[in-house]
Amino acid sequence: KKAPAVDPHQVVEEIISLYPAKVAKKRRKHIVVRDPSQQQQIEANVRTVPGIITQRGCCYAGCKGVVIGPIVDMVHIVHGPIGCSFYAWATRRNQGRPREDGHYYLHYCFSTDMQEDDIIFGGEKKLRAAIEEAYRIFKPKAISVHATCPVGLIGDDIQTVAKEMSQKLGIQVVAFNCEGYRGVSQSAGHHIANNGLFKHIVGLDDVEVEGYTVNCLGEYNIGGDAWEIERILERCGIKVLATFSGNASYDELRRAHMAQLNLVQCHRSINYMAEMMETRFGIPWMKVNFIGVKATSKTLRKLATFFDDPKLTERIEQVIAEEEAEAERQIAPYRKRLEGKTAMLFVGGSRSHHYQDLFRDLGMETIVAGYEFAHRDDYEGRQVLPFIKIDADSRNIEELHVEPDPERFRLRKPEEILAALKEAGIIDYYEGMMPDMPAGSIVIDDISHAELEILIRRFKPDIVCSGIKDKYIIEKFGIPSKQLHNYDYSGPYAGYRGAVNFAREIDMMINNPAWSYIRPPWEKTPVLKAEPVTS
Ligand code: CFN
Ligand code: HCA
């Protein structure tokens, strides 16, 4: 099946024509047809038009669900009605394993189960009791408390409760005011979680570490991704001190500041932590991508450049050669069946970009992509190197964002630095989704269901990667939908072995003859069509 030749500009007009004038004007700014000859801009991280049916989640989802929840040995208490807690109970598929001390609470669901009485008379008493009860039963190393919408509305002071209970019990109790309505999406929750982690936990324990050490930031071990990344780095001789926060342990986070470098996989959810650790502890960070065979190798080579040790570089090249050959051998048969197929990607705040590399490994092209809640820099990229470290003797230039040690390195003016970097062939890069997308492809922010339907009808993609909210709408069109949030309960997809898993599954989906037998319900029976009221 050949994808139809369609004019992307015409499709954008069709999408826009769905809406009343005011909404159309807003949505137009969220849709870009790629033109590589221009530095294009896109509107992002603004309030969703009410009623439009977005895929976005809330602040609480970003804080408790995404960043804090995956810490395996803390008890995470949700202060709010039980529904919020149930929603975030093991639905995100962040994997973990108990450490030797046995503390492990990932599959529990702790909630104050707020009732009408608590809304009227206040829920602080109930929260105190819940913290005490959780402590008495589990004796965890630390406890987190997460506020849902009603808590902010009635004004329960969870920060004070956390402080009091911390003193009473002698363990850290950290409260997060991540009421669902804050901000415009999950993104606000990421920020609140980063701040809380940094303020209360990261940097508490100084320990001796040896060898090459990194932290993996913005890696949540969905389907075991972090374990595959760790396996590869270990083979190279690089130790992962802490992962933020897939399979994270409280103690590992406390000593994460001893690492030499922070690798940032999901920039959207954890850039705040990277910046704060750089400012306070002088730890440089670099954006990486472990999704895709070529992308993983590129990431490893960036690490080799950073550590700048010929022995390490040699070992990294050895690992790349072996792993690429094996992955390539296993992927080749699938690529034969996938070459030339097209994909659309609508997920979160980083995967819609990262998975384009993996599809490229399979010979597939991404024709439309967008994030749910990313910010402009995730689309447009930005110059990620405002400062660089300059080794005064050898004049080696390494990637670095802030001067960590004025004794050893000196700062130069940004223009000088950029010129030097370009000369050295190290950057002129802008790392964002848009610069990586081909001419004529469409980038669309915070997509709605109606927009998605038009894109499917016009472009007839071979696969659409999305989440649970639209998976089955897509599949009713006879097009397979791969969930890139929970991997349809599979994985890992990161690293070399993950790429093989992904190739196998995408082949199984796309080349399954069942799709051709599907006729959507709206083609078989008459349907009611709703039109927006414009007057
Ligand atoms: S694991 Fe991450 S990679 S953290 Fe973020 S932006 Fe969500 S939960 Mo769903 S799958 Fe998704 Fe990203 Fe970063 Fe996950 S693309 S939406 S908030 N996300
Ligand atoms: C969240 C979590 C989520 C949802 C997935 C989906 C996840 O945002 O609350 O919509 O399919 O990855 O579990 O993004």
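Everything quoted here is computed from the prediction, not taken from an experiment. For ligands, and for the atoms within them, numbers begin at 1 and follow the listed sequence.
At least one protein heavy atom sits closer than 4.0 Å to atom 3 (S) of ligand 1.
Using a cutoff of 4.0 Å between basic side-chain nitrogens and carboxylate oxygens, R99 and E252 are scored as salt-bridged. Between E234 and K239 there is no salt bridge, since none of the side-chain N atoms of the basic residue sits less than 4.0 Å from a carboxylate O of the acidic one. Under 4.0 Å is where a charged nitrogen must lie from a carboxylate oxygen, and between R360 and E365 no such pair does.
Put simply, the side chain of V464 does not reach to within 4.5 Å of the side chain of E475, judged on heavy atoms.
Residue contacts with ligand 1, taken as heavy atom pairs separated by less than 4.0 Å, do not involve N486 at all. By the criterion of a heavy-atom distance under 4.0 Å, the side chain of Y87, and not its backbone, is placed next to ligand 2. Here Q186 has side-chain heavy atoms under 4.0 Å from ligand 2, and that is the only part of it that gets that close.
Centroid-to-centroid, the aromatic rings of H146 and F110 stay 6.0 Å apart or farther. Ring pair W522/F477: centre-to-centre distance below 6.0 Å. Ring centroids of Y272 and F198 are separated by 6.0 Å or more, keeping the two rings apart. Residues Y87 and Y60 place their aromatic rings such that the two centres sit no closer than 6.0 Å.
Annotation for ligand 2: atoms under 4.0 Å from non-hydrogen atoms of A61 are 9 (O). Listed by atom number, the atoms of ligand 1 under 4.0 Å from I222 heavy atoms are 1 (S). Heavy-atom proximity to G467, at under 4.0 Å, picks out these atoms of ligand 2: 11 (O).
Y493 and Y487 have tilted rings, their planes meeting at an angle from 30° to 60° on a 0 to 90° scale. Taking the six-membered ring where tryptophan is involved, the planes of Y108 and Y105 are tilted, since the angle between them lies from 30° to 60°.
The single protein non-hydrogen atom nearest to atom 11 (O) of ligand 2 is I468 N, 2.7 Å, given as residue, atom name and distance. Nearest protein heavy-atom neighbour of atom 10 (S) of ligand 1: H485 ND1, 3.1 Å. For atom 13 (O) of ligand 2, the nearest non-hydrogen atom of the protein is R92 CG, 3.5 Å. The shortest contact between atom 1 (S) of ligand 1 and any protein heavy atom is with R92 NH2, 3.1 Å.
For F373, the closest heavy-atom approach to ligand 1 falls below 4.0 Å.
When only interatomic distances are considered, the shortest N/O to N/O separation between H485 and ligand 2 falls below 3.5 Å.
Annotation: K476, atom NZ; neighbour count of heavy atoms from other residues, nucleotides and ligands within 6.0 Å does not exceed 12.
Any protein N/O/S atom under 2.8 Å from atom 13 (Fe) of ligand 1 was counted, giving 1 altogether.
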Query raised in the report: What do the steps show when you test Y220 against S269 for side chain to side chain contact (heavy atoms under 4.5 Å, CB included), and what is the final call?
Result: CA-CA 10 Å; Y220 300 93; S269 62; 2.7 Å; yes
